[in-house]
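One structure is given below, encoded as structure tokens.
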Amino acid sequence: TTAYTAVIAHLRAVGTRVLLLSDAPIARRQVDQCLAAFPHDSSRCAPRTTSAIAHHENELLRGLARSTGSVFHDTTGWFCTATVCPPVIGNLAVYLNDNHINDTYSESLTPIMSLLLAEVLRT
């Protein structure tokens with residue numbers, strides 16, 4: 001976190017607002033292959049939130065935001081329910097593989113990300 005703190009301090013010193021986002025949930029399995037194997041039951045490919053969400057890392061980022069005057073936003077709700085992180089949301093595949101989100105799903109988050117950025121810039 002020392003390197004993050006130094007970079008954020010430099011950005012804040014020149015008047016830049018800093019937004020830290022939580023990590024996207026990690027599927028820890030080849031979701032694309034799972035969906036191909038179970039095309040009619042995507043729930044079999046859904047990672048549980050307990051294993052997919054990096055709670056410890058997110059708390060570190062939350063604390064870093066607090067200590068540097070930055071803003072932290074937990075993106076978990078963009079990907080998960082209280083218990084699982086569905087591999088398909090709407091009609092879009094969320095995961096590209098075991099630890100990356102799909103470009104198409106990422107692009108679908110543009111409106112919500114735009115609102116978040118507008119809110120951060122207002123504060």
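Side chains are part of it too, since the values below use all heavy atoms of this structure and drop only hydrogens, waters and symmetry mates.
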4.5 Å side-chain heavy-atom contact, [X] and [Y]:
X: R28; Y: P47; answer: no
X: T83; Y: R48; answer: yes
X: N102; Y: V94; answer: no
X: L96; Y: I101; answer: no
X: H73; Y: V120; answer: no

Steps toward side chain to side chain contact (heavy atoms under 4.5 Å, CB included) verdict (H56, L60): CA-CA 6 Å; H56 178 72; L60 288 174; 3.7 Å; yes

Taking all heavy atoms of [X] and all of [Y], pick out the closest pair and write down the distance.
X: D98; Y: I26; value: O-CG2, 3.5 Å
X: A36; Y: P39; value: O-CD, 3.5 Å
X: P25; Y: Y95; value: O-CE2, 3.3 Å
X: R44; Y: R29; value: O-NH1, 2.9 Å

Polar contact flag, side-chain donor to acceptor under 3.5 angstrom, T75-S22: yes

Donor-acceptor pairs are to be reported for all side-chain atoms of residues 107-115 against protein atoms at under 3.5 Å, with residues two or more places apart or in another chain.
unit_1: S108; atom_1: OG; unit_2: Y105; atom_2: O; d: 2.6
unit_1: T110; atom_1: OG1; unit_2: E107; atom_2: O; d: 2.8
unit_1: S114; atom_1: OG; unit_2: T110; atom_2: O; d: 2.9

Trace of the side chain to side chain contact (heavy atoms under 4.5 Å, CB included) decision for V31 with N97: CA-CA 5 Å; V31 177; N97 53 27; over 6 Å; no

Cation-aromatic face contact R62/F72, 6.0 Å, 45 degrees: no

Connected via hydrophobic side-chain network under 4.5 Å: L116 and F79: yes

Derivation and outcome, side chain to side chain contact (heavy atoms under 4.5 Å, CB included), residues C80 and I53: CA-CA 9 Å; C80 303; I53 298 171; 4.3 Å; yes

Straight-line distance of [X] [atom1] to [Y] [atom2], nearest 0.5 Å:
X: E59; Y: L64; atom1: CD; atom2: CG; answer: 12.5 Å
X: D103; Y: L92; atom1: CG; atom2: CG; answer: 12.0 Å
X: T68; Y: L11; atom1: OG1; atom2: CG; answer: 9.5 Å

CA sep, side-chain torsions, deciding dist, call: I8, L20, side chain to side chain contact (heavy atoms under 4.5 Å, CB included): CA-CA 10 Å; I8 293 169; L20 301 174; 4.0 Å; yes

